[in-house]
Undergrad: 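The structure under discussion is supplied below as structure tokens; questions concerning it will follow.
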Amino acid sequence: MILQWLESSALGHLMRDTGPWTYAIVNLAHLLGIAALFGTVLLLDLRMLGLWRRLPLVTLTTIGAPLAGAGFMLAVTSGLGLLSANASDYVGNPFMLIKFPAIALGAANAVIMQRTAAWRALPHRQTTRAEDRTLAVLAAISLASWLTAVTAGRMVGYW
Ligand code: HEM
């Protein structure tokens, strides 16, 4: 099974055999990645859902998309480290089964959003009402999936 393989991998040994600070520092990196990802996504999604309409959306997406992407990469790499430290402990944890599909949905939704005509129009022209509606629907899916991922991620430890 993949969890047992992860636990006995070189990464698993590194996480366990290099002292207690390793897990603590990787956990901190995970939290910083989540903060960058979720904080940015929250701002972008709320703007697309209709808040702060006078703020140009392209200003937020230009700085927000790379920041959220970097946060996501940091959360994924540090998350793999945390998981491999004690992977078999998570067998049967239902919150893991909620968290990973939510992350997959959030990431797929972000890729789809960036491929829409609405997103691509942002640096060039005013978006139409129909395009604004498309972005609002995708923003609602985004908010729901990342909120689920963060909540399930936190709940994992309480199972
Ligand atoms: C492949 C990617 C990821 C993996 C393998 C992973 C794995 C883990 C693991 C093993 C833990 C420790 C659970 C525990 O024992 O308490 C954790 C904590 C957590 N993860 Fe992830 N994670 C990933 C990505 C993410 C993402 C993208 C988010 C948020 C959007 C997230 C949110 C959280 C939260 C909120 C915690 C609790 C942190 C704490 O209270 O210290 N994770 N993750």
Side-chain angles (χ1 to χ4, degrees), residues 1-52 57 59-116 118-119 122 134-159:
M1 179 166 199
I2 188 156
L3 288 177
Q4 265 122 22
W5 173 81
L6 251 184
E7 191 165 314
S8 52
S9 69
L11 182 60
H13 282 288
L14 184 91
M15 288 295 299
R16 289 187 302 274
D17 303 343
T18 46
W21 284 104
T22 308
Y23 191 93
I25 291 166
V26 176
N27 200 5
L28 175 64
H30 200 56
L31 281 173
L32 292 176
I34 296 161
L37 168 67
F38 189 73
T40 310
V41 155
L42 184 65
L43 266 184
L44 287 177
D45 289 346
L46 289 179
R47 169 62 184 78
M48 288 182 216
L49 284 166
L51 263 72
W52 316 300
L57 181 53
T59 311
L60 290 182
T61 56
T62 305
I63 49 173
L67 191 58
F72 178 73
M73 294 312 292
L74 184 58
V76 169
T77 44
S78 54
L80 282 174
L82 295 179
L83 187 61
S84 56
N86 307 297
S88 53
D89 287 0
Y90 300 110
V91 174
N93 190 318
F95 291 108
M96 281 292 193
L97 301 177
I98 298 171
K99 176 178 172 173
F100 290 120
I103 292 173
L105 179 63
N109 186 67
V111 171
I112 291 168
M113 185 186 278
Q114 291 183 42
R115 286 170 182 232
T116 58
W119 182 280
L122 289 176
T134 305
L135 289 180
V137 170
L138 293 170
I141 297 171
S142 166
L143 209 50
S145 36
W146 292 120
L147 204 55
T148 305
V150 172
T151 307
R154 190 64 194 93
M155 290 303 122
V156 162
Y158 290 104
W159 180 254

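Just so it is clear, the model here is predicted, and its values are computed rather than measured. By convention here, the first residue in the shown sequence is residue 1. Order of listing sets the numbers, starting from 1, for every ligand and every atom in it.
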Undergrad: If you look at every heavy atom in Ala65 and Trp119, which pair is closest and at what distance?
TA: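 Here Ala65 and Trp119 meet closest at CB-CZ2, 4.1 Å.
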Undergrad: Under 4.5 Å between any side-chain heavy atoms of Leu43 and Trp52, yes or no?
TA: yes
Undergrad: Stepwise, does the side chain to side chain contact (heavy atoms under 4.5 Å, CB included) test hold for Ser88 with Leu3?
TA: CA-CA 6 Å; Ser88 53; Leu3 288 177; 5.6 Å; no
Undergrad: I'd like the atom pairs linking ligand 1 to the protein - N or O on both sides, separation under 3.5 Å - with distances to 0.1 Å.
TA:
| from | atom 1 | to | atom 2 | distance (Å) |
| --- | --- | --- | --- | --- |
| ligand 1 | 15 (O) | Tyr90 | OH | 2.6 |
| ligand 1 | 20 (N) | His30 | NE2 | 2.9 |
| ligand 1 | 20 (N) | Lys99 | NZ | 2.7 |
| ligand 1 | 22 (N) | His30 | NE2 | 3.0 |
| ligand 1 | 22 (N) | Lys99 | NZ | 2.7 |
| ligand 1 | 40 (O) | Arg154 | NE | 3.2 |
| ligand 1 | 40 (O) | Arg154 | NH1 | 3.3 |
| ligand 1 | 41 (O) | Asn27 | OD1 | 3.3 |
| ligand 1 | 42 (N) | His30 | NE2 | 3.0 |
| ligand 1 | 42 (N) | Lys99 | NZ | 2.8 |
| ligand 1 | 43 (N) | His30 | NE2 | 2.9 |
| ligand 1 | 43 (N) | Lys99 | NZ | 2.6 |

Undergrad: Might you point out which heavy atoms bring Ser9 and Ser84 nearest each other, and give the distance in Å?
TA: OG-CB, 4.5 Å
Undergrad: Do you know which two heavy atoms are closest between Ala68 and Leu37, and how far apart they sit?
TA: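 Result for this residue pair: O-CD1, 3.6 Å.
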Undergrad: Tabulate below the donor-acceptor pairs under 3.5 Å that side-chain atoms of residues 89-103 make, not counting sequence neighbours, or state none.
TA:
| from | atom 1 | to | atom 2 | distance (Å) |
| --- | --- | --- | --- | --- |
| Asn93 | OD1 | Phe95 | N | 3.0 |
| Asn93 | ND2 | Val156 | O | 3.0 |

